[in-house]
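One-based numbering, in listed order, for ligands and for the atoms of each. Residue numbers start at 1 and run along the sequence shown.
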Amino acid sequence: MALLTGFSALGAVACLLFAAACLTSLKAIQRLWFHPLAKVPGPWYAAISSFYEFWWDCPQAGRYWVKIEEMHKNYGPIVRINPWEVHINDPAFMDTLFSNSRMQKDSFFYGGFGIDTAAFSTVSADLHRVRRGAMANFFSKASITKLEPRVLSRVKQLCGRLQKCRDEGKPADLSNAYRCLATDVTTDYAVPNTRNFLDDPEFKKGFNGTIRDASAIINWNRHIPFLFPLVRSMPRSLVAHFDKDGKTTELIDYEQDLYKMARAVVDNEKSKETPTILNAIFEAPNLPTSEKTFKRVMDETQTVIGAGTETTGNTLAVMTYHLLTNPPALQKLKAELTQAAETAGIAPFGILTCKIVEPLPYLQATLKEALRMAIGVCGRLPRVNPDATMTYNAPNRQSYTIPSGYAVSMSIPDIHFDPDVFTIPRAFNPDRWLNASPSELARMDKSFVPFGRGARQCIGLELAKQEILLVAANVFRNFEMELWETTARDIEFVNDFFAPFMPHDRKGVWVKIKG
Ligand code: HEM
């Protein structure tokens, strides 16, 4: 009898396994041959399940972009990268994908960020418009121009720290210094509590590293969507018990601090004389009450701080590396800055303002080249057309239809490193923007999309450009620097956690300041 029971239990398990195997096989067959995307080229293992993407995204730490690149080499400009998404590497398709204001963001991809009520990851185009509208005034060119004195005081603080490094003969960790500046500028403007990271003796080296490690969770959470809620719900004491180096606990404290800020906004506590972006969102007259919840304020807080720091900090680090390894470009920039300072009567170590630096052609070309090469956002940008079929006409005249509801993505690195548009695309060459013919320039400008394009374009682009211009002008005018223990590996894009990250064993851009 016991044998019989054992047998039937085993038999039931076997039957279940068999049924599961049959269903999985049927699903795989459907996805390969009878699916609306079945005609799109690509490897079968990416088409039948998202496991292949998961493997390269998560255990392999943001390396799916390498596999997507390989797929394009093998299959052409359009490839199917998971059962429901195709990726296109063809700048000609950019307008179709990004200029249609009805396009939605892809809920699977943007769900990874765990901030579903922030404008950034809002799926619906209509709701996004309302949410973005509540902060748009704060990011306009006019508002950012008024913000200049606050940005300049941070630039002065950075220059003061660099002067100290020079006087003490110590190398300066510029990668982290720039991230600190970007964090301080963003938190000055956006949230009730400014960070003051620039005061930290080590430029928050440990914390910036922790943020890097934590960014990997975005990829994990995309595939296992309860991870962020799980991490957030863990009691601090439990985490502290197991957290030997204190990094995770520091992250939890950081998150708690954001909670307090969001709470202060919702409770209408004013801690700064000038209004912050978050207060503005909470008080926006045309935002319905349902949009003024604690969760919304919290999600926007995380987004604005996250989006405004790594991107800008990384672009400045990449710019510095390339200028210091490219003496002709550095000399041209320095000559232009010296001349502008003299004309404006600014003494050495006096501060150059936007009025002085914005008209400088070589500085502007350097900014563009740095934005092109740094790729603040390397992650693919998937969009879904909710209403209509999309058609992609490949250069070989083959036509592909992507039914509504399926995701199509493109990636900024493919566009910025396209050799048909940018000659020797991996070379840092500000002159390409100054010496191009009008038609070449128009072509390059069309393919220059560091901030994305269309309705979902970066809202913080004026702030980012102002910060980068002011930092570059004042740091390169005032200091003679050389790289210290820094190689191309220190700025190399290896891991895609939406923002690009360098190899884990590298320290970023360090300099010795000579004069
Ligand atoms: C070099 C610096 C920066 C780069 C390269 C950059 C790049 C981008 C890109 C490509 C997007 C579009 C992402 C997508 O389509 O999913 C984006 C969106 C966004 N960025 Fe930036 N960004 C930078 C700086 C900033 C700054 C300084 C802020 C604010 C303080 C900011 C706030 C945002 C926000 C809130 C969004 C979402 C906008 C929306 O969906 O309406 N960014 N950024």
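Residue pairs meeting the salt bridge (charged side-chain N to carboxylate O under 4.0 Å, His left out) criterion with at least one member in residues 108-123, sequence neighbours excluded, are Asp116-Lys295. For residues 300-317, the salt bridge (charged side-chain N to carboxylate O under 4.0 Å, His left out) pairs, not counting sequence neighbours, are Arg179-Glu310, Arg296-Glu300.
Nearest heavy atoms, Leu198 versus Arg161: O-NH1, 2.7 Å.
Listed by chain and residue number, Arg222 satisfy the salt bridge (Lys or Arg N to Asp or Glu O under 4.0 Å) test with Asp57 (two or more places apart in sequence, or in another chain).
If you look at ligand 1, the protein residues with a non-hydrogen atom under 4.0 Å away are Lys105, Tyr110, Ala119, Phe120, His128, Arg132, Phe139, Thr186, Val304, Ala307, Gly308, Thr311, Thr312, Thr315, Leu371, Gly376, Val377, Leu381, Arg383, Ile412, Pro450, Phe451, Gly452, Arg456, Gln457, Cys458, Ile459, Gly460, Leu463, Ala464, Phe498.
Considering Ile88, Asn393, Asn89 as possible partners of Ile78, the one that fulfils the side-chain contact (heavy atoms from CB on, under 4.5 Å) test is Ile88.
In this structure, CH2 in Trp56 is found 12.5 Å from CD1 in Ile68, a value given to the nearest 0.5 Å.
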